[in-house]
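Every number for a ligand or one of its atoms is a count from 1 in the order of the listing. Because the structure is a prediction, the values reported are computed rather than measured.
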Amino acid sequence: MMQLQVPLVNLAVTTGEPAGIGPEVSIVAAKQFLAEQPNAIITLLGDRDLLEAVDKNHLNASERLQTQAIPLVAPVQAGVLNHQNAQYVINTLNQAIDGCMDGRFDAMITAPIQKSVMNLAGTAFTGHTEYLAGRCKKNHVVMMLCATLPRGFLNLKASRDLRVALVTTHLPLQEVSAALTRERILETIQIVQHDLRTKFAIPNPVIRVAGLNPHAGESGYLGREEIEIIGPVIESAKKLGINVSGPYPGDTMFDPASLEAVDAYIAMYHDQGLAPFKFVTFGDGVNVTLGLPIIRTSVDHGTALDIAGKGIADSGSMLEALRLAYQLALNQKKKA
Ligand SMILES: NC(=O)C1=CN([C@@H]2O[C@H](COP(=O)(O)OP(=O)(O)OC[C@H]3O[C@@H](n4cnc5c(N)ncnc54)[C@H](O)[C@@H]3O)[C@@H](O)[C@H]2O)C=CC1
Ligand SMILES: NCC(=O)COP(=O)(O)O
């Protein structure tokens, strides 16, 4: 009988802010993932001594766990930020992005970084998402958070993936309304639909879009963005053949009954989408960037400086980020 060959998948892990929990969750999750997945190779990008200090035997765990050494600029103490290492963090990202662009890596998975440190060091930095967009020369990419909800949770008949995408990401609330242009919202819907089809292999994704204001504007009495911008864009997207509906009030869009049918919810701003998402999934969520020419997933938590170096960080989100990156890379290889 003919054996089906499963292709080898090369994953790059940027180990994140060196004083945070990134290095430890990267190593723990990488070892666990390689034990469950024989067709993967993981390269950890980071300082060799720092990674050895976290786990001096990590490279003995598997010959499929490798390090691409990138030296720290200054010594590190767990939990204590030092903006001199901002360039180190950028170097890990650049090497992973370049490796994905030139085909050495099939996907990159990012551990958390401290955005304030980058800015303190003089690099204007709002997040990986925006940095990746710039480096990959894309004007518009979309942040989407994903997690698998188990059967029985919220009365689900079967386990189900919850996905929440954002029209705006790291923006002060005061600036959100002005950023909600027709073009931006339509592109977000199109990118979500396109990547769910091409990367997630969902043939005709069902998408729900939130309004901006309480009660989706209450017929214009509580704001007009729904009438003037969001509603008309949804109608345009429908004419393009996209299975999309809304605008829904932000507080009721995520009603549990809709979970069985909806493939992605689109929120207008960061906390509108991520507060409900993290409330039900914190610890197991994965952040994926849509609209890029490469595959990038990430954890759903931050640097957790308060617990760094104590050996108590939960590596579940990093493990899920590895699993999703692997699946997306495999989907891509099967299409090629
Ligand atoms: N992907 C990324 O690079 C992300 C980076 N951040 C950055 O992280 C920094 C700190 O953000 P915070 O809002 O304080 O959120 P945080 O997620 O770092 O911490 C919030 C609370 O959750 C706990 N926690 C977080 N991850 C945990 C884990 N894996 N296991 C056990 N406990 C965990 C922390 O100890 C803390 O009590 C900020 O600079 C933020 O920008 C935040 C989110 C994502
Ligand atoms: N709240 C999500 C977050 O801050 C992660 O952003 P990014 O660094 O992945 O762009």
Side-chain angles (χ1 to χ4, degrees), residues 13-29 32 45-46 54 78-83 85-86 88-90 92-93 96-97 107-121 123-136 138 140-147 163-173 267 269-279 281-292 294-322 324-325:
V13 175
T14 59
T15 51
E17 162 56 47
I21 61 172
E24 59 198 81
V25 297
S26 298
I27 292 177
V28 172
Q32 196 174 338
L45 283 77
V54 172
V80 182
L81 297 171
N82 182 344
H83 71 270
N85 279 322
Y88 159 79
V89 172
I90 295 282
T92 63
L93 295 178
I97 297 167
M108 63 185 279
I109 301 94
T110 57
I113 60 178
Q114 192 85 13
K115 289 147 196 170
S116 55
V117 164
M118 319 298 236
N119 290 289
L120 203 59
T123 308
F125 196 97
T126 49
H128 287 97
T129 307
E130 299 81 358
Y131 187 77
L132 281 152
R135 185 102 182 158
C136 295
K138 288 283 172 187
H140 191 168
V141 299
V142 174
M143 183 191 292
M144 185 171 83
L145 277 284
C146 317
R163 302 185 191 86
V164 180
L166 307 177
V167 176
T168 60
T169 51
H170 297 117
L171 204 59
L173 208 43
Y269 59 93
H270 189 276
D271 291 359
Q272 184 188 48
L274 300 198
F277 177 87
K278 289 194 177 183
F279 186 67
T281 65
F282 196 80
D284 294 319
V286 180
N287 174 353
V288 53
T289 312
L290 308 181
L292 287 173
I294 62 176
I295 295 167
R296 178 261 175 165
T297 66
S298 185
V299 291
D300 69 348
H301 56 76
T303 49
L305 297 175
D306 52 334
I307 58 167
K310 296 185 177 158
I312 56 173
D314 183 347
S315 54
S317 175
M318 184 50 112
L319 180 60
E320 292 301 330
L322 286 163
L324 181 60

Undergrad: Can you name the atoms of ligand 2, numbered from 1 with element, that are less than 4.0 Å from a heavy atom of L274?
TA: 1 (N)
Undergrad: Report yes if some N/O of S298 lies less than 3.5 Å from some N/O of ligand 2; otherwise report no.
TA: no
Undergrad: Between D300 and L274, is any pair of side-chain heavy atoms under 4.5 Å apart?
TA: no
Undergrad: With heavy atoms only and a cut-off of under 4.0 Å, state how I113 meets ligand 2: side chain, backbone, both or neither.
TA: neither
Undergrad: Using heavy atoms and a cut-off under 4.0 Å, could you grab the residues that are in contact with ligand 1, chain by chain, numbers ascending?
TA: I21, P112, I113, Q114, K115, H128, S298, H301, G302, T303, A304, D306, I307, A313, D314
Undergrad: So, do Y269 and L171 sit near enough that their side-chain heavy atoms are less than 4.5 Å apart?
TA: no
Undergrad: Has R296 got any heavy atom lying under 4.0 angstrom from an atom of ligand 2?
TA: yes
Undergrad: Walk me through it: do L145 and M143 pass the test side-chain contact (heavy atoms from CB on, under 4.5 Å)?
TA: CA-CA 7 Å; L145 277 284; M143 183 191 292; 4.0 Å; yes
Undergrad: Tell me: protein heavy atom nearest atom 4 (O) of ligand 2, and distance?
TA: K115 NZ, 2.6 Å
Undergrad: Between T169 and E130, is there a side-chain donor-acceptor contact under 3.5 Å, judged purely by atom types and distance?
TA: yes
Undergrad: Just jot down the ligand 2 atoms closer than 4.0 angstrom to any heavy atom of H128, in number order.
TA: 7 (P), 8 (O), 9 (O), 10 (O)
Undergrad: Return the residue, atom name and 0.1 Å-rounded distance of the protein heavy atom closest to atom 2 (C) of ligand 2.
TA: H270 NE2, 3.8 Å
Undergrad: Let me see the working for L45 and M108 under side-chain contact (heavy atoms from CB on, under 4.5 Å), right down to the final yes or no.
TA: CA-CA 10 Å; L45 283 77; M108 63 185 279; over 6 Å; no
Undergrad: Is the shortest side-chain heavy-atom distance between Q114 and L305 below 4.5 Å?
TA: yes
Undergrad: Out of the candidates T289, N287, V286, only one should pair with T297 under the side-chain contact (heavy atoms from CB on, under 4.5 Å) rule; please name it.
TA: V286
Undergrad: Between T129 and ligand 2, which residue portion shows a heavy-atom distance shorter than 4.0 Å: side chain, backbone, both, or neither?
TA: both
Undergrad: Show your reasoning for whether side-chain contact (heavy atoms from CB on, under 4.5 Å) applies to V117 and N85.
TA: CA-CA 8 Å; V117 164; N85 279 322; over 6 Å; no
Undergrad: Compare all side-chain heavy atoms of H301 with those of P112 and state whether any distance is below 4.5 angstrom.
TA: yes
Undergrad: Quick check: do V13 and M318 have side-chain heavy atoms less than 4.5 Å from each other?
TA: yes
Undergrad: For G127, take its heavy atoms, then give the atoms of ligand 2 lying under 4.0 Å from any of them.
TA: 8 (O), 10 (O)
